[in-house]
Amino acid sequence: MDDPGDNTRLVGRSPARERLHRATELVIETVIRVCGVSAVIFVFGIFYFVFREAAPLLFGGLDLGQLLTSSAWYPDSSNPRYGAFALIAGTLSVTLLAMLIAVPLGLGAAVFVSEFCTGRTKEILKIVIELLAAIPSVVWGFIGLVILNPVIIDLFDTPVGLNILNGAILLALMSVPIMVSIGEDALKAVPDAYREAAEAMGATRWQVTWRVLLPAARNGLLAAVLLGVGRAVGETMAVLMATGHSVNVPDSPLDSVRTITATIAAELGETAQGSNHYRVLFVLGSLLFLITFLVNLTADLVIRGVKKR
Amino acid sequence: MTKPQGIRTENLSLWYGQFQALLDVSLEIHHGRVTGLIGPSGCGKTTLLRCFNRINERIDGVRTAGHVHILGEDIYAPGVDLVELRKRVGMVFQRPNPLPLSVRENVLFGLRIHFRRGELRKDELAHAVEASLKEVGLWEALKDKLGHRATSLSLEQQQKLCIARLLPLRPEVLLMDEPCSALDPAATQRVEQLIRELRDRYTILIVTHNMAQARRISDECIFMLLGKLIEHRRTEDLFISPKDERTANYVEGRFG
Ligand SMILES: Nc1ncnc2c1ncn2[C@@H]1O[C@H](COP(=O)(O)OP(=O)(O)O)[C@@H](O)[C@H]1O
Ligand SMILES: [Mg+2]
């Protein structure tokens, strides 16, 4: 900017070029605005569509109390009952166990990659973890069926290995990559001055991690965890294949369950459009929407609360 | 040895990869005095200072040769405990770098990392916070803000806090790398005052860019140039009757 030549060029632009410049600016701005707005429109559009399919039943005779508290899921019977409690319990139990596995694993891996690895090891690890993210969920389901299933049967001496544990392990492995990459970014963003300050006072690397980095990167790590939760709650194929597909309120991690997503995926194709069964699946879809919305909202509020302090 | 020893180096050299930043530096820094370290930018002041708590080793490709004795111990000997070394040798950085924790936890950080939870009594911790903050003159201003994030304080308060957090560990040496360079003149004056008050109990080595500051606060002064120690004398002597021509040129402001 010290260069005077630069200034004269900026000031003395010809009117034609000036107009062209303005026009380009306008086009770019419009494109960006359309992109931003369309993202919002899509989200609302999807929600509107799901809700529209659900609404006639939701406001026309569906017993919400029954939906949320009963486990009687007989959508096809001559006396249909729509109790989704077991499905909700299935989703929550698989997600919860998956997070119990994934959070320590994912955050641990993020810390390891970001703080304890250098050079080649680090590069290789990151590539491997990214590869993990590239495995399609059907393949994960397949791994659950043919590998984890017999292993769980052997290890725990249960008749079936397609259960909460199986699904949770798969979901954990599926949500680890996103946790690692977001978590690593969060740790990388912690200024090196903090590490240096702590080390200069005699902190070991563990102490630096535990006492400085984790608190400093708290928001980013929370975001990493919540994105992992989002991934786990919404995942369909792997849990469909690996959790045993039995509508059941579990009382042990070795019970088979069925999740909301698996139910929608398995049953939607067989229902007549506009039937009550069809609509109740959309009610479940709305419920899923609500859950992920609440997860994100909490995340947002927590992060904002943290920021204010 | 009757008097406690400060820092002594013998032929200390340091390389960043291929580049040699320190060349055969031999010096003796006395306990209970403030020693100033002056010289033009890039002459190796920071590098030398960072040898004394071995924090240079965080950087890849750093190699050191020669000896550094602090309080009579060779800190580059094999088997030296870095944790213990850094407990005894505190460092204040050029840019204030309080940890992103509360004021209280910043002051207590040293105690927390060097002692197990069971070894720290609550009243001792409270006392350490109060005593350390009083010592740096922050207590009145911060006593009701102990839970506030340290990173939200003013720069002056941050830098004083960075000094305060070293005190609970009772270090013997304080290394300060241009501690006032991020502060305004008034704050600088108050931090200098603080350093003068700390003088007797510690070996203080302070890097400064500012010759007036070196004259104000140091008892002895070391002039460095291009990685070499040129002259080390009482501050007045170094400024009034430098022996080396390069020192004379520098202190008279002919380069730097
Ligand atoms: N991390 C580093 N890697 C390579 N060279 C460095 C590094 N840090 C400092 N240097 C070089 O070492 C020399 C001394 O630097 P420094 O000790 O920071 O000087 P001062 O503090 O006196 O300004 C300079 O030439 C600088 O470029
Ligand atoms: Mg420097």
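Convention: sequence-line order gives letters A, B, ...; per-chain numbering from 1.
When each of B/Glu105, B/Arg50, B/Glu84, B/Arg88 is scored by its heavy-atom pairs under 4.5 Å with chain A, the top score falls to B/Arg50. Listed options B/Lys87, B/Arg58, B/His114, B/His148 were ranked by heavy-atom pairs under 4.5 angstrom with chain A; first place goes to B/Arg58.
Both the backbone and the side chain of B/Asn97 come within contact range of chain A, with heavy atoms under 4.5 Å apart. Looking at B/Val89, the atoms closer than 4.5 Å to chain A (heavy atoms on both sides) all sit in the backbone: N, CA, C or O. Looking at B/Leu166, the atoms closer than 4.5 Å to chain A (heavy atoms on both sides) all sit in the side chain, from C-beta outward. Interface remark: B/Ser152 contributes no atoms to any contact with chain A (heavy atom separation under 4.5 Å). Contact annotation for B/Arg112: both backbone and side-chain heavy atoms come within less than 4.5 Å of a heavy atom of chain A. In this structure, no portion of B/Pro171 lies under 4.5 Å from any heavy atom of chain A.
Within 6.0 Å of CG on B/Asp60 lie no more than 12 heavy atoms contributed by other residues, nucleotides or ligands. Other residues, nucleotides and ligands contribute at most 12 non-hydrogen atoms within 6.0 Å of the NE2 atom of B/His67. When the shell of 6.0 Å around CH2 of A/Trp210 is examined, it contains 12 or fewer heavy atoms from other residues, nucleotides or ligands. For A/Phe293, the CZ atom is loosely surrounded, since the number of other residues' heavy atoms within 6.0 Å does not exceed 12. In this structure, B/Lys145 places its NZ atom where only 12 or fewer heavy-atom neighbours from other residues, nucleotides or ligands lie under 6.0 Å away. The environment of B/Glu130 atom CD is dense: over 12 non-hydrogen atoms of other residues, nucleotides or ligands sit within 6.0 angstrom.
Side-chain contact between B/Ile113 and A/Trp206: absent, with no pair of heavy atoms (C-beta onward) separated by less than 4.5 Å.
Looking at every heavy atom in both residues, B/Pro98 comes nearest to A/Tyr194 through O-CE2, 3.4 Å. B/Phe109 approaches A/Ala203 most closely through the heavy-atom pair CE2-CB, 4.2 Å.
Note: B/Leu82 CG to A/Thr204 OG1 = 11.5 Å, rounded to the nearest 0.5 Å. Rounding to the nearest 0.5 Å places CG of B/Leu99 at 5.0 Å from CE of A/Met201.
Each of B/Met91, B/Arg54, B/Arg86 was evaluated against A/Glu199; a single residue qualifies, B/Arg86, per the side-chain contact (heavy atoms from CB on, under 4.5 Å) test.
A salt bridge does not link B/Arg95 to A/Glu196: none of the charged nitrogens lies less than 4.0 Å from a carboxylate oxygen.
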